[in-house]
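Take a look at the structure set out below.
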Amino acid sequence: MESEMLLAVAETVPETRGSGAVLVGYGAVAELTRFAADPAWSVHVPGHPAEVRRTILDAVRGGGRAYVQVSAESNAEPREAAERFQLVREGRAGVVLAVGAALDPVLRATADLDVSVLYGATIRPFDEIGLRTAVLAADHADVVLVEPGLPGTSARQVADTLVHVPHRLCALGGTDGLDEQALARIVRGFLR
């Protein structure tokens, strides 16, 4: 998969034309965290090579500043790479927000749990409406955030989004080195 994700970048970048500034990071956790903290940049974390291509092309056409984080991992199937979170599975016990290539491991780890799973390929701007809607539809306002950056990269955005909703947050990052069994244990232990 590593070569497919990098190949998607290499195939797309030379074809792009426009006034946008697009930076691509590969496994650069510190850069992901830095750009996520800067409101002048949109931050994208596509989870599949097809999403990488669409994201780069859209970012260049958009003309703004975009940071695209590419991972060695990839989801099996591409999803709609949009600025909104995509509801992948509905559930009532809480919400798991999986960012980028974390989606497939999250789906496997939570297969037997009654949780909503959201997929995010864009974390800045943060889809407040998508997260709030999913949390309010659940029986418990428990949110598990699984993203490739440092744990808590988007924790402030979750807290700001749910400022008027009593909630609990478990923030996990790619640097946690969790396998699917550990992820499943953490999510089970966190839910009420």
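All values derive from a computational prediction rather than experimental measurement. Sequence positions, counted from 1, serve as the residue numbers for this chain.
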The test is side chain to side chain contact (heavy atoms under 4.5 Å, CB included); show your working for Gln69 and His44 and say whether it passes.
CA-CA 6 Å; Gln69 174 74 22; His44 310 276; over 6 Å; no

Side chain to side chain contact (heavy atoms under 4.5 Å, CB included) evaluation trace for Cys170 with Ile186:
CA-CA 9 Å; Cys170 175; Ile186 291 170; 3.8 Å; yes

Test side chain to side chain contact (heavy atoms under 4.5 Å, CB included) on Leu162 and Val135 and set out the steps.
CA-CA 9 Å; Leu162 302 175; Val135 168; 4.1 Å; yes

Checking Thr122 against Phe85 for the side chain to side chain contact (heavy atoms under 4.5 Å, CB included) test, could you report, in this order, the C-alpha distance in whole Å, the side-chain angles of both residues, the deciding distance, and whether it holds?
CA-CA 8 Å; Thr122 297; Phe85 297 149; over 6 Å; no

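Taken to the nearest 0.5 Å, the OH atom of Tyr26 stands 14.5 Å off from the CG atom of Leu32. Separating the CG atom in Leu150 from the CG atom in Leu172 is a distance of 12.5 Å, to the nearest 0.5 Å. One finds the CG atom of Leu191 at 6.5 Å from the CG atom of Leu113 (value rounded to the nearest 0.5 Å). Separating the CG atom in Asn75 from the CG atom in Leu107 is a distance of 8.0 Å, to the nearest 0.5 Å. In this structure, CG in Leu169 is found 14.0 Å from CZ in Arg156, a value given to the nearest 0.5 Å.
Sorted by first and then second residue, the salt bridge (Lys or Arg N to Asp or Glu O under 4.0 Å) pairs with a member in residues 117-127 read Arg84-Asp127; sequence neighbours excluded. Within the structure, the ring-ring contact (aromatic ring centres under 6.0 Å, His included) test picks out the following pairs touching residues 48-73 (sequence neighbours left out): Phe35-Tyr67. For the ring-ring contact (aromatic ring centres under 6.0 Å, His included) condition, no pair includes a residue of residues 135-167, sequence neighbours left out.
In this structure, Pro151 and Thr153 have side chains that are not in contact, with every pair of non-hydrogen atoms separated by 4.5 Å or more. Looking at Val24 and Ile56, their side chains come closer than 4.5 Å, going by heavy atoms from C-beta outward. The side-chain heavy atoms of Pro148 and Val45, taken from C-beta on, include a pair separated by under 4.5 Å. When side chains are defined from C-beta on, Gln86 does not count as touching Leu118, because their heavy atoms never get closer than 4.5 Å. Side-chain contact between Leu97 and Val144: absent, with no pair of heavy atoms (C-beta onward) separated by less than 4.5 Å. Residues Arg192 and Arg168 have side chains in contact (heavy-atom distance under 4.5 Å, counting atoms from C-beta outward). Using a 4.5 Å heavy-atom threshold, the side chains of Arg89 and Val115 count as touching. At a threshold of 4.5 Å between non-hydrogen side-chain atoms, the residues Leu145 and Glu147 count as touching.
Val70 and Leu23 fall into different hydrophobic clusters, where Ile, Leu, Val, Met, Phe, Trp and Tyr are joined by side-chain heavy atoms under 4.5 Å apart, directly or via other members. No path of Ile, Leu, Val, Met, Phe, Trp and Tyr side chains, each step under 4.5 Å between heavy atoms, connects Val95 with Val106, placing them in separate hydrophobic clusters. Clustering ILVMFWY residues whenever any of their side-chain heavy atoms sit less than 4.5 angstrom apart, transitively, puts Val88 in the very cluster that holds Val146. Under the 4.5 Å side-chain heavy-atom criterion for grouping Ile, Leu, Val, Met, Phe, Trp and Tyr, Val52 is not connected to Val99 through any hydrophobic cluster.
Between Asp112 and Arg188, at least one side-chain nitrogen of the basic residue sits less than 4.0 Å from a carboxylate oxygen of the acidic one, meeting the salt-bridge criterion.
Across all their heavy atoms, Ser42 and Pro125 have their closest contact at CB-CD, 4.2 Å. Considering all non-hydrogen atoms of both residues, Ala50 and Pro78 come closest at CB-CB, 3.9 Å. Closest non-hydrogen pair, Ser116 versus Leu87, comes out as CB-CD1, 4.2 Å. Taking each heavy atom of Ala102 and Pro105 in turn, the nearest pair found is O-CD, 3.3 Å. Counting all heavy atoms, side chain and backbone alike, Pro39 lies closest to Ala37 at CD-O, 3.4 Å.
Among residues two or more places apart in sequence or in another chain, the side chain to side chain contact (heavy atoms under 4.5 Å, CB included) test is passed with Asp139 by Arg92. By the side chain to side chain contact (heavy atoms under 4.5 Å, CB included) test, Ala40 is found to be paired with Asp38, Arg65, residues two or more places apart in sequence or in another chain being considered. For Arg185, there are no side chain to side chain donor-acceptor pair (under 3.5 Å) partners, not counting sequence neighbours. Thr161 pairs by the side chain to side chain contact (heavy atoms under 4.5 Å, CB included) definition with Phe126, Glu128, Leu131, Arg132, not counting sequence neighbours. Qualifying side chain to side chain contact (heavy atoms under 4.5 Å, CB included) partners for Asp179, counting only residues two or more places apart in sequence or in other chains: Gln181, Ala182. For Asp104, the side chain to side chain donor-acceptor pair (under 3.5 Å) test picks out no residue, with sequence neighbours left out. Not a single side chain to side chain donor-acceptor pair (under 3.5 Å) links Asp160 to another residue, sequence neighbours left out. For Glu31, there are no side chain to side chain donor-acceptor pair (under 3.5 Å) partners two or more places apart in sequence or in a different chain.
In this structure, the side chain of Thr133 does not engage the main chain of Gly130 through any donor-acceptor pair within 3.5 Å. Side chain of Tyr119 to main chain of Glu80: no donor-acceptor pair is present (N/O by atom type, distance under 3.5 Å, no hydrogens or angles).
Summarising the hydrophobic clusters (Ile, Leu, Val, Met, Phe, Trp, Tyr; side-chain heavy atoms under 4.5 Å, direct or chained), the residues clustered with Ile129 are none.
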